[in-house]
Amino acid sequence: MLLQVLFYSEMAREAGHFSLDDVLDRLSNKLVDRHPHVFGDAKADTSAEVLRNWEALKALEKEKKRLAEDKAKADDAQSVLAGVSSKMPSLMEAYKLSSRAARVGFDWPEMEGLFEKLAEETAELREELKASPLRGLLGLGSRVGKAAVCCGGARATGR
């Protein structure tokens, strides 16, 4: 299992998302935060007290998570792209995103702009594949989605 953590952490580091150090820091913080009777000043002499403290900590974590999600929803609600689920198939998501983007002017007056954007994305993918085949492949889905949005923007205006 540790090999999987190392593997995914390395892929994430190459993609610029997080590193193994970030994973270890988060795990360490979680361990300390969830065991104040060991690492902090909280007193728990019996297993029942440890369990009671644990439940209180979990309730606080849930509330923090709910508040963060509510804030994210409020931020997203201001976006024209809000409400498009990332859980649907990539091309369907790209279609819906491109349709909404076209309504607010994310479009090209000439078809040549579309091909320039596609060429730019293709060149970036080639460079990523040369530098790191794994990273390039991880970015491929994003590039296909961008290409679909580009094509959808041109489609939405009938050009």
Gap between atom NZ of Lys87 and atom CD of Glu93 - 0.5 Å precision: 10.0 Å
Parallel under 30°, tilted from 30 to 60°, perpendicular over 60°: which one fits the rings of His37 and His35? tilted
Can you find a heavy atom in the side chain of His17 that is under 4.5 Å from one in the side chain of Met11? no
Are the side chain of Asn29 and the backbone N or O of Asp25 linked by a donor-acceptor pair below 3.5 Å? yes
What's the spacing between Asp33 CG and Ser28 OG if we round to 0.5 Å? 9.0 Å
Is the number of heavy atoms from other residues, nucleotides or ligands within 6.0 Å of CE (Met88) greater than 12? yes
Apply salt bridge (charged side-chain N to carboxylate O under 4.0 Å, His left out) to residues Glu127 and Lys130 and explain how you reach the verdict. CA-CA 5 Å; Glu127 290 301 312; Lys130 283 180 194 171; 3.7 Å; yes
Roughly how far, to the nearest 0.5 Å, is the CG atom of Leu20 from the CG atom of Leu6? 6.0 Å
Less than 4.0 Å between a side-chain N and a carboxylate O, is that true for Glu61 and Lys64? no
Is there a path of hydrophobic side-chain contacts, each under 4.5 Å between heavy atoms, that joins Val5 and Phe7? no
I need the Glu121 CD to Arg126 CZ distance, nearest 0.5 Å. 13.0 Å
What pairs meet the side-chain hydrogen bond (donor to acceptor under 3.5 Å, both in side chains) rule with one or both residues in residues 48-59, with sequence neighbours excluded? none
Roughly how far, to the nearest 0.5 Å, is the CD atom of Gln4 from the CG atom of Leu2? 10.0 Å
Starting from Leu27, can I reach Phe39 by hopping between I/L/V/M/F/W/Y residues whose side chains sit under 4.5 Å apart? no
Any heavy-atom pair between the side chains of Ser9 and Asp21 that's under 4.5 Å? no
Glu10 and Arg13 ion-paired at < 4.0 Å: yes
